[in-house]
**Q** 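Below you'll find the structure I mean.
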Amino acid sequence: MKHLMQVFVRGITRENPLMILMIGLCATLAVSTQFQGAVFMGIAVIFVLTMSNAIISVFRRFIPDEVRIPMFIVVIASFVTIVDLVMKAFVPSVYAFLGIWIPLIVVNCIILGRAEAFAYHNGVLASIADGLGMGIGYTAVIVLFAFVRELFGSGAVKFLGATLVGLPSWYPAPAVVLLFPGAFVLFGLFLALWRALVSRVGEERGVCR
Amino acid sequence: MASSPLRLVASVVTTCVVAAGGLAVTYSVTAPRIAAQERAAEQRAMAKVLPDAARFEPVAPVLLDAAKKAAAAGQIEGLWRGYAASGDDAGWCIRVSARGYGGPVRMVIGLDRNGKVQGLTILSMNETPGLGTRVESEQWFLKQFTELPAGFGDRDVRALDAISGATRSSRAVKNCVAAAGAAFLAIRGR
């Protein structure tokens, strides 16, 4: 149990896919212009990551080494297509915003990376814990990132039609925050903050390898 | 340790068959809902751009072809006739697309019987967030098209203001409206 908890927490803090492993950044920078889109993107990634980790871990002894990558991809692509169809059917407004980035979860390195590096070598429960941890770690960062970008880039954060927070109307809302240069600059600031606040805690306890 | 070729083939085939089965089930559950959502979105857009109309009917293919040929600035994708609740002719709904900065900008434009723009809305676009997307978020931009005279032409549309920093996105919207105007002139009275 303690081991599972460690695996789970590691995905959020010490091995956070966005802040530490720095994989799957392309989609992250692209969809984090809108808080609502980022929330659903996070949910989609948690689902695909956990399900593909679980399935691959269950069948890992039956997956021959030589064809493991094609088989991983088929499993991942199936779950992504399920998410794609379900989102299209039930949350069309979110789907319209995320568009191509949902099908592109198939090639998101986080998913294949965890399948190859973790699920293929570990038990089912540990793989599920890893999928959940990595997924939540991803979601936490992208949601926070999108919140900051939408707030300072367009002046107000909206979720399903309701305004969560708004800046006063005299704030000029620079468009650069929503564009890619702003994304890179902000991402750098996020990394610096993460290093200062989260990673250092691990180091002081001497857990870092 | 190398696996036998048979085992390799068998495991990949099994995975694919199971995956395809799972997808078929998901698809059959979601397909009717997706189709309904798309129809509803189209109806909502048409009701918004032509508020006087209570129901919409697609026009005959001959008319659609004539409209497509006349519209040089954009592609006409669909053409509906709107009828008011009393059965009176309420005008036309035109779905049209034109190339913007990041891909096609797709719009629905409502014209009354005389060819005056009643309303217009953007169905989908892939313009730069914060720059090109202002064609939708800056109210005055879309509103100015509703002030065009009945039976307007290319020149009237081109004379309208564009949004600075979003030249190509603005041009895409203008092309959509110009195409709708040209289509109307080709099919009016038919």
**Q** Among V74(A), V67(A), L85(A), which residue forms the greatest number of heavy-atom pairs with chain B at distances under 4.5 Å?
**A**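 Heavy-atom pair counts peak at L85(A).
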**Q** Count the heavy atoms of every other residue, nucleotide or ligand shown that sit under 6.0 Å from NZ of K116(B), and state whether that count exceeds 12.
**A**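 Enclosed: over 12 neighbouring heavy atoms sit under 6.0 Å from NZ of K116(B).
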**Q** Between F40(A) and F97(A), is the ring centroid distance below 6.0 Å?
**A**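 No, ring centres 6.0 Å or more apart.
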**Q** Which one wins on heavy-atom pair count under 4.5 Å against chain B: I55(A), I82(A), V75(A)?
**A**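 If we count pairs closer than 4.5 Å to chain B, I82(A) comes out on top.
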**Q** With a 4.0 Å cut-off on N to O distance, would you call R95(B) and E77(B) a salt bridge?
**A**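 A salt bridge links R95(B) with E77(B).
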**Q** If I measure from the heavy atoms of chain B, does P92(A) come under 4.5 Å with its side chain, its backbone, both, or neither?
**A**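 For P92(A), side-chain heavy atoms alone lie under 4.5 Å from chain B.
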**Q** Taking atom OH as the centre, does Y171(A) end up with more than 12 heavy-atom neighbours from other residues, nucleotides or ligands that are less than 6.0 angstrom away?
**A**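 Counting other residues, nucleotides and ligands, OH of Y171(A) exceeds 12 neighbours.
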**Q** Going by an N to O cut-off under 4.0 Å, is there a salt bridge joining R168(B) and E127(B)?
**A**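 Salt bridge absent between R168(B) and E127(B).
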**Q** Top residue by heavy-atom pair count (under 4.5 Å) with chain A, among T30(B), V25(B), V18(B)?
**A**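 Option with the top pair count is T30(B).
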**Q** Is S124(B) in contact with chain A via its backbone, its side chain, both, or neither, using a 4.5 Å heavy-atom distance?
**A**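 Answer is neither: S124(B) stays 4.5 Å or more from chain A.
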